[in-house]
2 protein chains.
Amino acid sequence: MGGQLDEVRHGIMDTLGRITSFWGFSKIMGQLYGMLYLSAAPMTLDDMAASLEISKGNVSINIRALERWNMVRQVWVKGDRKDFYEAETDFWKIIRGVLKEREKKEFDQALAGIGRIRTKSEEILKKEKSVDTAFALDRLKKLEDFIKTMDQLVGVLLTLEDLKRNFLGIVKKK
Amino acid sequence: MGGQLDEVRHGIMDTLGRITSFWGFSKIMGQLYGMLYLSAAPMTLDDMAASLEISKGNVSINIRALERWNMVRQVWVKGDRKDFYEAETDFWKIIRGVLKEREKKEFDQALAGIGRIRTKSEEILKKEKSVDTAFALDRLKKLEDFIKTMDQLVGVLLTLEDLKRNFLGIVKKK
DNA sequence: CTGTTCGTTTAGAATTTTCTAAACAAACTA
DNA sequence: TAGTTTGTTTAGAAAATTCTAAACGAACAG
């Protein structure tokens, strides 16, 4: 059956594996997602393990990661005791989630880090006059400004998306 | 000397190490960059190796990576035979470069990959009618559209930046 | 020439990450 | 109850990455 279609499935798994790997997730996450994304029916852990030829334990941890990022959701199939999974198909939603939970957090803590360092070097400069410290402080300020801008940019993006989403929600609420 | 300032240097190296690591570069690249960024004077391979307590070979390959991404440049110091390095301080320029050479390329090849797969599945569907293939094809089209949008988005960003840069260039050309 | 001083390359060590097979625990079935 | 069928956890194997020390070659100095 479907030997032709299998080529297609293999292709998408390869491409999505690359993408997730590039963006700092595991390659297998992408492969699992791709597999579910092209599947008309939800799949079980065993299905996926067999299809990717990896251990069930490996599927288990990677599918839980996908769930954590809302890229996949568990669905219940009547009469079957296994867990079934299907792909979340709203890419914008996925991206917004990742932006919110991962990227924003990273920017925030980078900002906090630089802030601490800048404060520190301001204190030093107050006590002892030093050309080197003055130079470093100047650069630190510039770096902090930059990161602050990036942080705000992400923040605005997320807020805009939230507003849009809420607005649409209200409108659709018949 | 400067035991206080060293704390600051250590801090920035830590923070920038995190950042580069997060964005898929090596941690040491961030540490080297941070070190040069806060240094008033350009530094040599040996300086950096000593300061980070890593081998000179390690510094060599990582500084070359930084050079490749235009995050650092080599400067010549009169009377000294060693290579000196200093940090590029224009962050926007750095980001644009990375966007252009790494992110754009990644989007392009993801797009090409999906395109190939979609074509393939269209061919299959022409020959043999299959519900599964039709389903997969539908999803592939949606994925392709999405990636195309992202790809164009990056493209527009880069074009805008180029225009802005050229415009400013003309203006400044007194 | 002969020495030295550089930066780069490389072989293998050290570390980190990823994966599997087996053990396990929870939930069902008969 | 005893025996399956599940998904998860885990100890250690396997693989990939990163790092170092030493070898090397080029450029220079005496």
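Chain A is the first sequence line, chain B the second, and so forth, proteins listed ahead of strands; every chain is numbered from 1.
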Exercise. Does C:dG3 fall in syn (glycosidic angle within 90° of 0) or anti?
Worked result: syn
Seminar exercise, completed: Expected list for residues 34-54 of chain B near DNA chain C, using heavy atoms below 4.0 Å, is B:L45, B:D46
Exercise. With sequence neighbours excluded, what pairs up with A:D108 under the side-chain contact (heavy atoms from CB on, under 4.5 Å) test?
Worked result: A:K104, A:D151
Exercise. Of all heavy-atom pairs between A:S51 and A:M35, which one has the smallest distance, and what is that distance?
Worked result: OG-CE, 2.7 Å
Problem set entry | Side-chain H-bond candidate by donor/acceptor type, B:N58 with B:S55, under 3.5 Å | no
Exercise. Mind checking who D:dT5 pairs with, Watson-Crick or G-U wobble, both distances under 3.5 Å?
Worked result: C:dA26
Exercise. Charged N to carboxylate O below 4.0 Å: is that the case for A:K126 and A:E122?
Worked result: no
Problem set entry | Outermost nucleotides of DNA chain D that come under 4.0 Å of a non-hydrogen atom of chain B | D:dC19 to D:dC28
Exercise. What residues in residues 55-82 of chain A put a non-hydrogen atom under 4.0 Å from any atom of DNA chain C?
Worked result: A:S55, A:N58, A:R81
Exercise. What is the pairing partner of D:dA13, taking Watson-Crick or G-U wobble pairs with both distances under 3.5 Å in any strand?
Worked result: C:dT18
Exercise. What pairs meet the ring pair (Phe, Tyr, Trp, His ring centres under 6.0 Å) rule with one or both residues in residues 113-158 of chain B, with sequence neighbours excluded?
Worked result: A:F91-B:F146, A:W92-B:F146
Exercise. How would you list all residue pairs meeting salt bridge (Lys or Arg N to Asp or Glu O under 4.0 Å) that involve residues 50-65 of chain B, not counting sequence neighbours?
Worked result: none
Exercise. Where do A:T20 and A:G17 come nearest, in terms of heavy atoms and distance?
Worked result: OG1-O, 3.1 Å
For this session: I would like to know whether A:E7 and B:K120 meet salt bridge (charged side-chain N to carboxylate O under 4.0 Å, His left out); could you show each step before the answer?
Result: CA-CA 9 Å; A:E7 259 187 77; B:K120 176 88 194 170; 3.4 Å; yes
Problem set entry | Test salt bridge (charged side-chain N to carboxylate O under 4.0 Å, His left out) applied to A:D6 and A:R9, step by step | CA-CA 5 Å; A:D6 279 352; A:R9 295 216 168 91; 3.7 Å; yes
Exercise. Which heavy atom in B:E101 sits nearest to a heavy atom in B:K105, and how many Å separate them?
Worked result: O-CB, 3.6 Å
